[in-house]
There are 2 protein chains.
Amino acid sequence: MTDKKNAKDIIIKAASRLFRTRGYYGVGLNEILKESGTAKGSLYYYFPNGKEELAIAAIDYTKEFVADKIRRALEKFEEPIQAFQAHINDLSEEFGVHKEIFGLPIGTIAGETSLTSEPIRLACQSAFECWQLIYVEKLLASGYSEKHAKELGLLINAMLEGGILLCLTTKSREPLRIIAEQIPFLLKK
Amino acid sequence: MTDKKNAKDIIIKAASRLFRTRGYYGVGLNEILKESGTAKGSLYYYFPNGKEELAIAAIDYTKEFVADKIRRALEKFEEPIQAFQAHINDLSEEFGVHKEIFGLPIGTIAGETSLTSEPIRLACQSAFECWQLIYVEKLLASGYSEKHAKELGLLINAMLEGGILLCLTTKSREPLRIIAEQIPFLLKK
DNA sequence: CTTTAATTATAACAACCGGTCTACTAGTAT
DNA sequence: ATACTAGTAGACCGGTTGTTATAATTAAAG
């Protein structure tokens with residue numbers, strides 16, 4: 001999680017960005033190397049098992065990165081409704097500003113590999129669980145029941161991945177904004 | 001090797017299935033040909049512009065195929081809440097039965113290509129719009145306002161794509177079932 | 001300095017990619 | 001029978017893929 005120090009982190013960061021935006025099979029090793037300014041030797045030194053191992057590291061990095069972003073956004077308001085709206089609007093805003101480097105956090109790679117690579121699938125699952133847990137905790141703190149909180153946490157995860165996908169496909173930030181507006185109806189106790 | 005139908009449709013069907021489950025870059029032409037039992041000559045005879053043109057045809061096919069499925073499911077109940085729940089539970093059921101051949105309708109390919117192929121992106125956008133329109137019409141028929149219906153239609157689209165993604169990554173049909181249970185809160189007028 | 005380990009840089013690898021090309025079959029109309 | 005055409009089959013191409021092996025470089029330790 002430290003900044004640009006060793007080559008390993010640089011490679012992970014570049015891979016994370018590229019995998020997120022274009023998927024696992026859509027990005028080649030050469031492109032990752034070019035973007036990160038490193039060479040093949042370094043990649044296979046740090047990731048002896050190649051592309052798959054790198055992808056898992058990239059997903060883990062994205063998991064933590066996104067988790068921090070979620071936490072920071074949810075802290076802004078005590079009330080879940082306002083907090084989640086703030087979070088979603090943050091995403092929408094980010095998409096509006098620099099749409100090129102914005103991808104489904106891990107949706108694309110998750111869909112591509114769910115049937116072809118069990119290790120990557122598990123890494124994606126872990127990320128989704130991590131984010132959901134943050135949502136759940138926020139809801140529990142406001143008195144939602146354990147069951148209800150878990151259901152809503154899952155739903156928010158699904159809505160966000162789907163919403164980001166729609167933003168990408170329509171090249172507009174409207175989908176996420178509309179989703180944010182529906183949050184109050186959803187979180188009504 | 002001409003089966004009951006012409007080769008073009010066979011290729012489109014095979015491509016549709018493979019693209020849906022593993023994405024655009026995750027599937028090679030040779031695999032599509034092997035699966036469809038045709039040869040390269042036929043493919044480039046019907047799709048002179050190659051893989052991209054085939055992908056668009058496959059997406060259009062998926063669009064109509066899924067649209068029919070949605071219409072059939074929504075017809076079962078007049079009340080939107082029950083109708084949408086039936087639709088989502090259908091999907092969940094289908095995933096439980098044969099999870100291998102179940103993919104995000106087009107989520108994966110949409111994410112992969114939104115930044116790399118404008119024609120494919122537009123085909124995906126058209127599919128999403130088509131499905132949303134069906135949702136909207138169902139809601140309008142029950143007295144929802146135009147604005148509210150459109151918002152909910154988009155939300156349902158996002159929830160479904162996200163929910164299917166979560167089903168794939170967790171190898172469980174629970175996500176879609178949980179989403180179905182939340183529908184009543186969402187559609188409350 | 002010398003020696004040794006850690007890291008990086010290339011070159012080469014088979015396998016496969018999407019795409020092109022030509023030969024071939026089968027059916028139809030003349 | 002002949003000529004024409006729609007459609008099929010598959011070998012082949014240049015380029016790229018992920019991976020491996022090895023050489024060159026740097027850093028650390030004695």
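A note on names: the letters A, B, ... follow the listed sequences, proteins ahead of strands, and every chain is numbered from 1.
- Atoms CD1 (Ile11(B)) and C1' (dT8(D)) sit 10 Å apart, rounded to a whole Å.
- dG7(D) atom C1' lies 13 Å from atom CD1 of Ile10(B), rounded to whole Å.
- Within the 4.0 Å cut-off from OP1 or OP2 of dA9(D), not a single side-chain nitrogen or oxygen of Tyr45(B) is found.
- Ion pairing of Arg17(A) with Glu35(A) is present here, as a side-chain N (NZ or NE/NH1/NH2) and a carboxylate O approach within less than 4.0 Å.
- For the pair Leu33(A) CG and dT10(C) P, the interatomic distance rounds to 12 Å; values are reported in whole Å.
- Distances were taken from every side-chain heavy atom of Ala7(B) (C-beta onward) to each of dT20(D), dG19(C), dT8(D); the shortest belongs to dT8(D).
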For Ser36(A) and Lys13(A): C-alpha separation, side-chain torsions, deciding distance, then whether side-chain contact (heavy atoms from CB on, under 4.5 Å) applies.
CA-CA 8 Å; Ser36(A) 64; Lys13(A) 271 187 151 183; over 6 Å; no
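- Taking only side-chain nitrogens and oxygens, Lys51(B) comes nearer than 4.0 Å to OP1 or OP2 of dG18(C).
- The side chain of Tyr46(B) sits closest to dT8(D) out of dT8(D), dT20(C), dT20(D).
- Note: CD (Glu31(B)) to C1' (dA15(C)) measures 14 Å, nearest angstrom.
- Between Trp131(B) and Phe128(B), the angle of the ring planes goes over 60°, which puts this pair in the perpendicular group of the 30/60° scheme.
- Proximity of Tyr44(B) to the phosphate of dG7(D): no side-chain N or O atom is located under 4.0 Å from OP1 or OP2.
- What separates CZ of Phe47(A) from C1' of dG18(D) is a distance of 15 Å, to the nearest Å.
- The interatomic distance linking Leu29(B) (CG) with dT16(D) (C1') rounds to 15 Å, in whole Å.
- Base engagement by Gly41(B) is indicated by at least one non-hydrogen atom pair under 4.0 Å involving a base atom.
- Taking 4.0 angstrom as the limit, Asn30(A) places a side-chain polar atom (N or O) nearer than this to OP1 or OP2 of dT17(D).
- Side-chain atoms of Ala39(A) lie closest to dA9(C) of the nucleotides dA11(C), dA9(C), dT20(C).
- Just one of Thr113(A), Thr108(A), Thr116(A) meets the side chain to side chain contact (heavy atoms under 4.5 Å, CB included) condition when paired with Tyr24(A); it is Thr113(A).
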